[in-house]
Amino acid sequence: METYSLLREFADSWMLLLLFAFFVGVVVWVFRPGSTKAYDDPAGIPFRHDDKPAAARREAGAKEA
C-alpha cells in the first residue's frame, strides 16, 4: 500500500474518531460541575471599567482628538 493511501485511510477513520473524542472531552471539561467559578471572571472582561456607553466614549474621543 502506498504512503498516501495509508495516511488517507488513517485520517478518514481513526483520526476522525480521535478528534471527535477530543471535542467531546473539551465540551465535558468546560461544562463540568464547578467550572462556573473558574469562568465567571474571564466572562466579565469585556465589561470591566465600563462606566459609560460606547457611543458616548466615541464622541468624547472625537472631541479630544
Cluster check [X], [Y]: I/L/V/M/F/W/Y, side chain < 4.5 angstrom:
| X | Y | answer |
| --- | --- | --- |
| Leu19 | Leu17 | yes |
| Phe47 | Ile45 | no |
| Phe22 | Val30 | yes |

Worksheet item: Got a sec, which residues hit side chain to side chain contact (heavy atoms under 4.5 Å, CB included) with Leu6, two or more places apart in sequence or on another chain?
Response: Met1
Worksheet entry | Verdict with supporting geometry, Leu18 and Trp14, side chain to side chain contact (heavy atoms under 4.5 Å, CB included) | CA-CA 6 Å; Leu18 178 76; Trp14 295 108; over 6 Å; no
Discussion item. With salt bridge (charged side-chain N to carboxylate O under 4.0 Å, His left out) as the rule and sequence neighbours excluded, what pairs involving residues 17-37 come up?
Written reply: none
Item to complete: Specify the closest pair of heavy atoms between Pro42 and Pro46, including all atoms of both residues, with the distance to one decimal.
Response: O-CD, 4.3 Å
Worksheet item: Does Asp12 have any salt bridge (charged side-chain N to carboxylate O under 4.0 Å, His left out) partners at least two apart in sequence or in another chain, and if so, which?
Response: Arg8
Discussion item. Pair Val26, Trp29 - check side chain to side chain contact (heavy atoms under 4.5 Å, CB included), show working.
Written reply: CA-CA 5 Å; Val26 168; Trp29 177 259; 5.6 Å; no
